[in-house]
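These notes concern the structure reproduced below.
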Amino acid sequence: MHATVFGFLLAALRLHTVSIWPLALLHALSNWTNSNSPGELPVWWEVARLLALTGYGTVLVRMSTRERALSLTACRPDPV
């Protein structure tokens with residue numbers, strides 16, 4: 001579940017970035033913090049974190065699709 005949510009967030013961020021390298025650094029930072037963590041977090045914290053990441057990814061995807069729809073309607077010629 002964690003990998004799915006994190007992958008969704010990275011994919012949503014990719015819609016807003018030009019390069020993939022910031023996302024690779026974010027992934028490396030996430031791996032580093034996971035491997036150096038002192039132990040398991042409480043379940044309620046994990047659920048809240050997953051919901052927050054999913055919500056943020058959803059907002060990013062919706063913003064991207066809205067921007068794409070607006071750019072498509074701006075390029076469409078007016079009917080005569």
Side-chain angles (χ1 to χ4, degrees):
M1 185 65 161
H2 299 278
T4 303
V5 171
F6 191 63
F8 172 67
L9 178 65
L10 289 178
L13 285 170
R14 178 64 181 105
L15 294 173
H16 293 277
T17 59
V18 177
S19 175
I20 200 166
W21 290 111
L23 303 175
L25 291 173
L26 182 63
H27 191 282
L29 178 66
S30 173
N31 287 345
W32 184 78
T33 55
N34 281 338
S35 63
N36 291 320
S37 68
E40 286 289 318
L41 293 172
V43 174
W44 64 268
W45 181 261
E46 286 293 327
V47 169
R49 185 177 72 89
L50 290 175
L51 288 174
L53 290 177
T54 304
Y56 183 55
T58 303
V59 167
L60 288 174
V61 169
R62 296 192 91 179
M63 284 174 40
S64 176
T65 55
R66 184 174 300 144
E67 290 170 2
R68 189 166 295 146
L70 288 175
S71 69
L72 290 176
T73 58
C75 295
R76 189 179 319 161
D78 292 331
V80 178

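A quick note: this is a predicted structure, and the numbers were derived from the prediction, not measured.
Between the Ser64 side chain and the Leu60 main chain, no donor and acceptor come within less than 3.5 Å of each other.
In the hydrophobic cluster analysis, where Ile, Leu, Val, Met, Phe, Trp and Tyr join through side-chain heavy atoms closer than 4.5 angstrom, Val61 is grouped apart from Val5. Cluster membership for Leu50 and Tyr56, using ILVMFWY side-chain heavy atoms within less than 4.5 angstrom, is shared. In the hydrophobic cluster analysis, where Ile, Leu, Val, Met, Phe, Trp and Tyr join through side-chain heavy atoms closer than 4.5 angstrom, Leu26 is grouped apart from Val18. A single hydrophobic cluster is seen to contain both Leu41 and Trp44, as judged by linkage of ILVMFWY side chains at heavy-atom distances under 4.5 Å, directly or through other members. The hydrophobic cluster containing Leu13 does not contain Phe8, counting ILVMFWY residues as joined when their side-chain heavy atoms lie under 4.5 angstrom apart, directly or transitively.
To the nearest 0.5 Å, atom CG of residue Leu51 and atom OG1 of residue Thr58 are 10.5 Å apart. Atoms CG and CH2, on Asn34 and Trp32 in that order, are 11.0 Å from each other to the nearest 0.5 Å. Expressed to the nearest 0.5 Å, how far CG of Leu9 lies from OG of Ser30 amounts to 10.0 Å.
Here the closest heavy-atom approach between residue Gly57 and residue Ala12 is recorded as O-CB, 3.5 Å.
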Verdict with supporting geometry, Thr17 and Arg14, side chain to side chain contact (heavy atoms under 4.5 Å, CB included)
CA-CA 5 Å; Thr17 59; Arg14 178 64 181 105; 4.0 Å; yes
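Between Glu46 and His2 the shortest side-chain heavy-atom distance falls below 4.5 Å.
No more than 12 heavy atoms of other residues, nucleotides or ligands sit less than 6.0 Å from atom NE2 of His27.
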